[in-house]
Protein chains: 2
Amino acid sequence: MRIGELASRTGVSVRSLRYYEEQGLLASTRSASGQRHYTDDEVERVTFIQRLYAAGLSSRTIAEVLPCVDAPGEDNSDAALERMARERDRLSAHIADLVRTRDALDELMAANRAYRAELRASLAG
Amino acid sequence: MRIGELASRTGVSVRSLRYYEEQGLLASTRSASGQRHYTDDEVERVTFIQRLYAAGLSSRTIAEVLPCVDAPGEDNSDAALERMARERDRLSAHIADLVRTRDALDELMAANRAYRAELRASLAG
DNA sequence: CTTGCCTCTGACATCCATGTGAGCTTTTAG
DNA sequence: CTAAAAGCTCACATGGATGTCAGAGGCAAG
């Protein structure tokens with residue numbers, strides 16, 4: 001498929017797909033006229049890349065991690081696997097932090113609602 | 001306390017503290033000479049602001065939400081409470097997404113390790 | 001062939017929290 | 001009193017993913 005279709009299938013802009021290629025995250029074969037062509041597998045790859053971006057990884061870090069997806073168990077993915085483990089832990093810590101923040105928001109909202117209820121009660125009483 | 005102390009207590013740069021004030025997230029009283037002074041409460045406030053930044057809120061959004069922290073139950077915090085509820089849900093969805101990503105990383109790492117173990121076994125056998 | 005849409009490269013623009021530096025004043029320590 | 005450290009304002013820089021525009025070429029349908 002060409003880049004436009006990959007874009008619409010993944011919900012990622014054409015601009016971003018070219019950027020991913022520039023960053024070494026995504027490969028494409030070129031037609032004689034120079035147009036990029038992709039296989040169906042790239043759809044999954046792009047959504048995974050998006051997932052990693054959403055998890056706070058930078059292009060550089062994603063590039064370090066991806067070899068371990070491409071070539072599982074290869075020697076040259078040793079570093080990738082290690083990096084992935086590190087990022088996994090970072091992500092886990094981040095999740096824990098976000099959960100604490102969500103809890104704080106829940107408490108704040110509960111406090112507000114309680115305050116309001118009390119206010120209404122005192123007005124009614 | 002002055003801005004430097006607030007900075008070192010919260011781990012937030014002096015620059016950022018001034019920025020927070022500019023964005024209406026943080027107030028300070030000024031000494032005769034114009035220096036900012038803060039109470040101990042601001043420490044907690046700043047760390048909460050940082051927490052919200054980490055949760056992906058922008059300054060503008062944080063500013064919309066904070067009134068509900070300052071004046072619980074006031075009429076003018078109606079919108080703030082609603083906004084907070086929306087952000088809370090957004091955050092919750094984001095957390096769920098990150099958990100899925102973490103799971104994906106765990107699976108990938110497990111697959112890699114299995115692949116390696118298999119490789120070693122076949123070499124040994 | 002032509003019209004319209006897609007793609008190409010390259011470059012500049014944007015957002016936003018934060019860094020950084022200049023030039024000047026205030027505070028604090030010796 | 002003096003020098004170092006800290007504060008002030010203003011303004012420009014940065015990074016990183018993405019938007020956008022320009023100019024040119026590719027390709028399918030009428």
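All chains are named by letter (A, B, ...) in the order of the sequence lines, taking the proteins before the strands, and each is independently numbered beginning at 1.
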What I want to check is whether the side chains of B:Tyr19 and B:Ser13 have a donor and an acceptor closer together than 3.5 Å. no
Comparing A:Ser58 and B:Gly34 on DNA chain D - which has the more 5′ nearest nucleotide: B:Gly34
Measuring to OP1 and OP2 of C:dT27, would you say a side-chain N or O of B:Ser33 lies under 4.0 angstrom away? yes
With the threshold set at 4.0 Å, does a side-chain nitrogen-carboxylate oxygen contact exist between A:Asp89 and A:Arg86? no
Using a cut-off of strictly less than 4.0 Å between a heavy atom of the residue and any atom of DNA chain D, enumerate the qualifying residues of residues 5-30 of chain A by number. A:Ser13, A:Arg15, A:Ser16, A:Tyr19, A:Tyr20
With DNA chain C as reference, determine whether B:Arg60 or B:Gln35 sits nearer its 5' end, using the nearest nucleotide of each. B:Arg60
Flag if over 12 foreign heavy atoms under 6.0 Å of CD, A:Glu118: no
Any chance CZ of B:Phe48 has more than 12 other-residue heavy atoms, nucleotides or ligands included, within less than 6.0 Å? yes
Can you check the A:Arg2 CZ to C:dC5 C1' distance for me, whole Å? 9 Å
Near-strand residues of residues 47-57 of chain A, defined as heavy-atom separation under 4.0 angstrom from DNA chain D: A:Gln50, A:Tyr53
Which part of the nucleic acid, if any, lies within reach of B:Ser59 when heavy atoms closer than 4.0 Å are counted: base, sugar-phosphate only, or nothing? sugar-phosphate
If you compare every side-chain N and O of B:Arg36 against the phosphate oxygens of D:dG7 (OP1, OP2), does one of them come in below 4.0 Å? no
State, with a plain yes or no, whether a side-chain heavy atom of B:Met1 is found less than 4.5 Å away from one of B:His37. no
Spacing between A:Ile62 atom CD1 and D:dA17 atom C1', to the nearest angstrom: 11 Å
For residues A:Thr61 and A:Glu87, is any side-chain donor paired with an opposing acceptor at under 3.5 Å? no
No-hydrogen, no-angle side-chain donor-acceptor test under 3.5 Å, B:Tyr20 and B:Gln50: yes
We want to know whether A:Arg2 and A:Gln35 form a side-chain donor-acceptor pair, criterion being a heavy-atom distance below 3.5 angstrom. yes
